[in-house]
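For reference, the structure is listed below as structure tokens.
In this text the structure is predicted, and so the values were computed from the model without any measurement.
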Amino acid sequence: MRNLRLELCYDGTRYRGWQRLPGVENTIQGKLEKTLSRILEESIEVIGSGRTDAGTHALGQVANFHCINRMPSEEILRKLREFLPEDMGVYTCKEVSPRFHARLNAREKTYCYRLWNSEEPCVFQRRYVYGDSRPLNLEAMEQAAEHLVGTHDFSAFCGNKNQKKSTVRTIYRIEILPKGHELQFLFTGDGFLYHMVRILVGTLLEVGRGEREPETISALFGKRRELAGQTVPACGLCLMEVKY
């Protein structure tokens, strides 16, 4: 049995997220599995590094799958590029150790959230940014972000009310980068909970608008979801990189 690793990207606008859903055609995992099963003429199950939300994009997603077919990895890559839709792309397809697991072996992930902070229209990037023209205090948001870095119980930043596993995660760094009218929020950590990055951004925006103080962030750890900020739209979120 072979184990092959994929590095891929996708525009998540028209998809219901990464995870395969019964009776639903438009998921990233489902589309990959259907295409690979067609190419290799066997049933394929794809394992992703993480489950991106509906509408979320990826520039650096990683996945792996097992197969019996001996087709060269270069040929699999060529056929994937031929048969996948235009809003999905595969950078590489390589045979790896049988023990490699895209999700369990991942040790660091980086997400970027893009905010268009202007009343000027952003027509050509509208699928990839969240528009909010209200004034923001960048310094206050940076101060709040400092409280989020480290190992904490992020239960207040988890959108899954039925979360049974640990909500403790480690954030290694947060950067907030102004780029003209755009603000980019970069989060790097060992893993992220359901909707976690979008809730973190929503909470930081509340700080930026003066609706909560930076030093109150620490009091949210281990608390209820209702105490943190809003969940901002998925369109501005992109998985940038996964490290192993």
Side-chain angles (χ1 to χ4, degrees), residues 12 15-19 21 27 48-58 103-104 106-117 129-176 183-240 242:
Y15 294 96
R16 295 277 298 278
W18 168 270
Q19 188 177 7
L21 298 169
T27 68
S49 70
R51 301 172 179 175
T52 50
D53 302 336
T56 296
H57 317 291
R103 178 174 57 84
L104 297 180
R107 59 181 180 84
E108 184 177 296
K109 297 178 183 177
T110 297
Y111 281 89
C112 177
Y113 194 89
R114 298 173 60 192
L115 174 76
W116 184 255
N117 189 220
V129 298
Y130 164 49
D132 187 337
S133 62
R134 288 172 287 184
L136 295 170
N137 184 330
L138 178 59
E139 183 178 353
M141 291 192 294
E142 289 175 334
Q143 291 173 5
E146 291 177 4
H147 293 281
L148 293 167
V149 174
T151 302
H152 308 290
D153 182 347
F154 285 97
S155 54
F157 302 90
C158 177
N160 182 5
K161 294 182 179 180
N162 299 316
Q163 176 81 12
K164 295 179 181 179
K165 295 182 180 180
S166 173
T167 50
V168 175
R169 296 291 186 274
T170 301
I171 294 181
Y172 301 126
R173 55 189 173 274
I174 300 175
E175 296 178 87
I176 307 175
L183 270 183
Q184 294 184 358
F185 297 78
L186 289 166
F187 298 84
T188 299
D190 63 355
F192 295 90
L193 301 164
Y194 182 63
H195 286 174
M196 179 172 162
V197 175
R198 293 164 60 189
I199 298 169
L200 288 169
V201 173
T203 306
L204 290 174
L205 290 179
E206 290 182 1
V207 172
R209 295 193 294 264
E211 297 168 9
R212 66 170 81 217
E213 296 299 318
E215 57 270 17
T216 65
I217 294 295
S218 298
L220 296 173
F221 299 134
K223 296 301 195 317
R224 303 189 315 276
R225 164 68 189 96
E226 294 77 13
L227 296 177
Q230 65 169 327
T231 305
V232 291
C235 60
L237 185 60
C238 183
L239 173 60
M240 302 298 290
V242 184

Taking salt bridge (charged side-chain N to carboxylate O under 4.0 Å, His left out) as the test, write out the residues that go with [X], two or more places apart.
{"X": "R107", "value": "none"}
{"X": "R209", "value": "D132, E211"}
{"X": "R114", "value": "E182"}
{"X": "E108", "value": "R173, K243"}

Identify the two heavy atoms, one from [X] and one from [Y], that lie closest to each other, and give their separation to 0.1 Å.
{"X": "S49", "Y": "V242", "answer": "OG-CG2, 3.5 Å"}
{"X": "A228", "Y": "A156", "answer": "CB-O, 3.3 Å"}
{"X": "C235", "Y": "V129", "answer": "SG-O, 3.4 Å"}
{"X": "P214", "Y": "A140", "answer": "CG-O, 3.5 Å"}
{"X": "N117", "Y": "S133", "answer": "ND2-C, 3.7 Å"}
{"X": "I199", "Y": "G159", "answer": "CD1-N, 3.8 Å"}

* To do: In sequence, state the C-alpha distance, the side-chain angles, and the governing distance for L239 and W18, and then conclude on side-chain contact (heavy atoms from CB on, under 4.5 Å).
  => CA-CA 12 Å; L239 173 60; W18 168 270; over 6 Å; no
Distance (rounded to the nearest 0.5 Å) between [X] [atom1] and [Y] [atom2]:
{"X": "T151", "Y": "Y172", "atom1": "OG1", "atom2": "OH", "value": "7.5 Å"}
{"X": "I174", "Y": "E146", "atom1": "CD1", "atom2": "CD", "value": "9.5 Å"}
{"X": "N162", "Y": "Y194", "atom1": "CG", "atom2": "OH", "value": "11.0 Å"}
{"X": "E215", "Y": "I217", "atom1": "CD", "atom2": "CD1", "value": "9.5 Å"}
{"X": "L115", "Y": "L204", "atom1": "CG", "atom2": "CG", "value": "11.0 Å"}
{"X": "T27", "Y": "Y15", "atom1": "OG1", "atom2": "OH", "value": "9.0 Å"}

* Asked: So do F221 and F154 actually touch side chain to side chain, heavy atoms under 4.5 Å?
  ->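 Yes, their side chains come closer than 4.5 Å.
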* **Note, F187 side chain near V201 side chain (heavy atom, < 4.5 Å)** =>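 Yes, their side chains come closer than 4.5 Å.
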* Asked: Is there a donor-acceptor contact under 3.5 Å from the side chain of S155 to the main chain of K223?
  ->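 Checked: pair present.
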* Name the one of T167, L227, L220, L193 that satisfies side-chain contact (heavy atoms from CB on, under 4.5 Å) with F157? ->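 Among T167, L227, L220, L193, the one meeting side-chain contact (heavy atoms from CB on, under 4.5 Å) with F157 is L220.
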* **From R169, M196, Q163, residue fulfilling side-chain contact (heavy atoms from CB on, under 4.5 Å) relative to C158** => Q163
* To do: Under the side-chain hydrogen bond (donor to acceptor under 3.5 Å, both in side chains) rule, collect the residues that match up with R212, sequence neighbours excluded.
  => E206
* If you draw a 6.0 Å radius around CD in E139, do more than 12 non-hydrogen atoms from other residues or ligands fall strictly inside? ->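 No, the 6.0 Å shell around CD holds no more than 12 heavy atoms from other groups.
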* For H147, what residues pass the ring pair (Phe, Tyr, Trp, His ring centres under 6.0 Å) criterion, not counting sequence neighbours? -> none
* T231 and R225 side chains, donor-acceptor separation under 3.5 Å -> yes
